[in-house]
Amino acid sequence: MMLPLIRQEIVVRKSWMTDERFLQFLTIAQTSPGIMAVNLSLAIGWEVNGFSGALSGLLGAVLPSFFSILFIAMLFLKYFRSPLLRAFFSGAIPAVSGAIGGVVFVLGKKVLKGYYHFFALLVSAIFLVFWHVNPVTIIILGILISALTAYRREP
Amino acid sequence: MIYWQLFISFFKIGVFAIGGGYATLPLIEKEIIYGHHWLSLQEFYQIVTIANMTPGPVGINTATFVGYQVQGLPGSIVATAAVVLPSLIIVSLLYYLFKKYMEKGEERAKRFFNTLNPIVLALILTAAISVAKGGIFDFKTFLIAIISFALTVYTKINVLYILLASGIAGVVMYYL
């Protein structure tokens, strides 16, 4: 859910890295253990400013959630059933799915070229969405295949 | 001691949080509900709903909330720190390796990522579809999703504004 925001801030507004580099970090963030948004913030932080950058990124990613939830847990839990709030989220949540889809589209346009890419995307999506294959399995397979292509002998 | 239990449980959850927030829910259930009985199933799903609606990853929101329920403010700090610690360790290591391999064999590293790209994008697309399945239940919500998609792709409008406007639209359409 944070993905569109992170990309917009890091790549578009601050221009701290290209979409290609962002996607590499996103790949690391997705395929490694750990919460994706936290992983991504750490990787970006390292890239932009070393260890202190990583810590800043971590705090930036974690603290807003931490404080909002504390606030809600302490004071506002009772208001979460309110019809007003539910109506707000009925509007906001579909927008989130559209925004995430938008980021996939934009990144895809930039880096996907050729038959392999579209085939791989399609097959992975089918496995994940329709056949409910465990994402970890897809990740491991993906890493294996990618490692093989990276180390293939030069023709 | 309870702080240690909180730490261990959420550290485990942090380690096994791979492939998207929704994949971690069964593990969280196992640790929080069936393991330590810190929450009931119903309470847990209330929190998941709240965690989905509030800013930030589900894992962090859940850690903060459960930590608070179990041991107040110190509990929320311990649980939240525990859930991000695996990321700190693992990603720092991977970043170092990434930099090293980009220097030593940039071509190979690029090929590696190039091959992995469509798979990673498929994973994220799955997340978008999950949210869509939960959030799109009629034509109006479908419209919001499409418009949000178009705005994200073709304009530079800040995503936060898009979400805010969509929420307000939700209020107008469903509350008033």
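Note: hydrogens, waters and symmetry copies are ignored here, and every other heavy atom, side chains too, is used. Naming convention: chains lettered A, B, ... in sequence-line order (proteins, then strands); numbering from 1 in each chain. Note that the coordinates shown come from a computational prediction; the quantities given were computed from them, not determined experimentally.
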Between Leu70(A) and Ser76(B), is the side chain to side chain contact (heavy atoms under 4.5 Å, CB included) condition met? List the steps. CA-CA 8 Å; Leu70(A) 272 187; Ser76(B) 65; 3.6 Å; yes
For Ile129(B) and Ser97(A), run side chain to side chain contact (heavy atoms under 4.5 Å, CB included): C-alpha distance rounded to whole Å, both residues' side-chain angles, the deciding distance at 0.1 Å, then the answer. CA-CA 7 Å; Ile129(B) 292 175; Ser97(A) 70; over 6 Å; no
Begin with the C-alpha distance, continue with both residues' side-chain angles, and end with the deciding distance and a verdict on side chain to side chain contact (heavy atoms under 4.5 Å, CB included) for Phe67(A) and Thr64(B). CA-CA 9 Å; Phe67(A) 288 126; Thr64(B) 308; over 6 Å; no
Full working for side chain to side chain contact (heavy atoms under 4.5 Å, CB included) between Asn114(B) and His117(A): CA-CA 9 Å; Asn114(B) 202 276; His117(A) 276 153; 3.1 Å; yes
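Contact check for Tyr175(B) versus Pro83(A): side-chain heavy atoms found under the 4.5 Å cut-off. Within the 4.5 Å cutoff, the side chain of Val106(A) has no heavy atoms near those of the Thr152(B) side chain. With contacts defined as side-chain heavy-atom distances shorter than 4.5 Å, the pair Pro57(B)/Met2(A) qualifies. Side chains of Arg13(A) and Lys156(B) form no contact here, defined as non-hydrogen atoms less than 4.5 Å apart. Between Trp46(A) and Ser92(B) there is a side-chain heavy-atom pair separated by less than 4.5 Å. Annotation: side chain of Ile119(B) is in contact with side chain of Ile138(A) (closest heavy-atom distance under 4.5 Å).
Contacts between Ser68(A) and chain B at a heavy-atom distance below 4.5 Å involve the side chain alone, from C-beta outward. Contacts between Phe137(B) and chain A at a heavy-atom distance below 4.5 Å involve the side chain alone, from C-beta outward. Of the atoms belonging to Val136(A), it is side-chain heavy atoms, and not backbone ones, that fall under 4.5 Å from chain B. Both the backbone and the side chain of Gln30(A) come within contact range of chain B, with heavy atoms under 4.5 Å apart. Interface remark: Phe25(A) contributes side-chain atoms only to the contact with chain B (heavy atom separation under 4.5 Å). Contact annotation for Leu164(B): both backbone and side-chain heavy atoms come within less than 4.5 Å of a heavy atom of chain A. With a 4.5 angstrom heavy-atom cutoff, Glu47(A) touches chain B via backbone and side-chain atoms both. Contact annotation for Arg7(A): neither backbone nor side-chain heavy atoms come within less than 4.5 Å of a heavy atom of chain B. Heavy atoms closer than 4.5 Å to chain A are found in both the backbone and the side chain of Ala132(B). With a threshold of 4.5 angstrom between heavy atoms, Ala54(A) does not approach chain B through any atom at all. Proximity to chain A (any heavy atom under 4.5 Å) is restricted, for Thr80(B), to the side chain, taken from C-beta onward. The contact between Leu58(A) and chain B is made entirely by side chain atoms (from C-beta outward), counting heavy-atom distances below 4.5 Å. With a threshold of 4.5 angstrom between heavy atoms, Ile143(A) approaches chain B through its backbone and through its side chain. Neither the backbone nor the side chain of Tyr96(B) comes within less than 4.5 Å of any heavy atom of chain A. Ile89(B) does not touch chain A: none of its heavy atoms, backbone or side chain, sits under 4.5 Å away. Only the side chain of Leu112(A) comes within contact range of chain B, with at least one heavy atom under 4.5 Å from a heavy atom of that chain. For a residue to count as touching a neighbouring chain, one of its non-hydrogen atoms must lie under 4.5 Å from one of that chain's; by this rule Val96(A) touches chain B with backbone and side chain alike.
In terms of heavy-atom pairs under 4.5 angstrom with chain B, the leader among Ile69(A), Ile100(A), Val38(A), Leu141(A) is Ile69(A). Most heavy-atom pairs under 4.5 Å with chain A, from the set Ile146(B), Leu151(B), Ile90(B): that is Ile90(B). In terms of non-hydrogen atom pairs under 4.5 Å with chain A, the most contact-rich of Met173(B), Lys133(B), Glu107(B), Lys99(B) is Lys99(B). Ranked by heavy-atom pairs under 4.5 Å with chain A, the first of Phe16(B), Phe149(B), Tyr68(B) is Phe149(B). Between chain B and the residues Pro135(A), Gly102(A), Pro94(A), the largest count of heavy-atom pairs under 4.5 Å involves Pro94(A). Here Ile77(B) is the residue among Ile77(B), Ile168(B), Leu73(B) with the most heavy-atom pairs under 4.5 Å with chain A. The most heavy-atom pairs under 4.5 Å with chain A, out of Ile13(B), Ile157(B), Ile136(B), come from Ile157(B). Ranked by heavy-atom pairs under 4.5 Å with chain A, the first of Val83(B), Leu123(B), Val172(B), Leu85(B) is Leu123(B). Contacts with chain B were tallied for Ala125(A), Ala87(A), Ser32(A), Gly142(A); Ala87(A) has the most, counting heavy-atom pairs under 4.5 Å.
Nearest approach of Ser166(B) to Ala95(A), heavy atoms of both residues: OG-CB, 3.1 Å. Listed here is the closest heavy atom pair of Gly135(B) and Ile93(A): CA-CG2, 3.8 Å. The shortest heavy-atom contact between Ile35(A) and Ser87(B) is N-OG, 3.5 Å. Between Pro33(A) and Ile18(B), the shortest heavy-atom distance links the atoms CA-CG1, 3.7 Å.
The CD1 atom of Ile124(B) sits 7.0 Å away from the CG atom of Leu107(A) when rounded to the nearest 0.5 Å. Distance CZ/Phe66(A) to CZ/Phe65(B): 13.0 Å, rounded to 0.5 Å. We find the CG-OH distance between Asn39(A) and Tyr95(B) to be 14.5 Å, quoted to the nearest 0.5 Å. Atom OG in Ser65(A) sits 5.0 Å away from atom CG in Asn61(B) (nearest 0.5 Å). Here the CD1-OG1 distance, from Ile126(A) to Thr126(B), works out to 11.5 Å after rounding to the nearest 0.5 Å. Rounding to the nearest 0.5 Å gives a distance of 9.5 Å between CG of Leu148(A) and OG1 of Thr115(B).
Taking the six-membered ring for Trp, Phe88(A) and Tyr174(B) have ring centres at least 6.0 Å apart.
A salt bridge is absent between Lys110(B) and Glu20(A); no separation between the charged side-chain nitrogens and carboxylate oxygens falls under 4.0 Å.
With a 6.0 Å radius and a threshold of 12 heavy atoms from other residues, nucleotides or ligands, Tyr116(A) has its OH atom above the threshold. Counting non-hydrogen atoms of other residues, nucleotides and ligands closer than 6.0 Å to CZ of Phe112(B) gives a total above 12.
Without hydrogens or angle criteria, Arg108(B) side chain to Tyr151(A) main chain gives no donor-acceptor distance under 3.5 Å.
The side-chain contact (heavy atoms from CB on, under 4.5 Å) test with Val120(B) singles out one residue from Ile28(A), Thr27(A), Val111(A), and that residue is Thr27(A). Applying the side-chain contact (heavy atoms from CB on, under 4.5 Å) test between Phe105(A) and each of Val153(B), Leu125(B), Leu121(B) identifies Val153(B) as the sole match.
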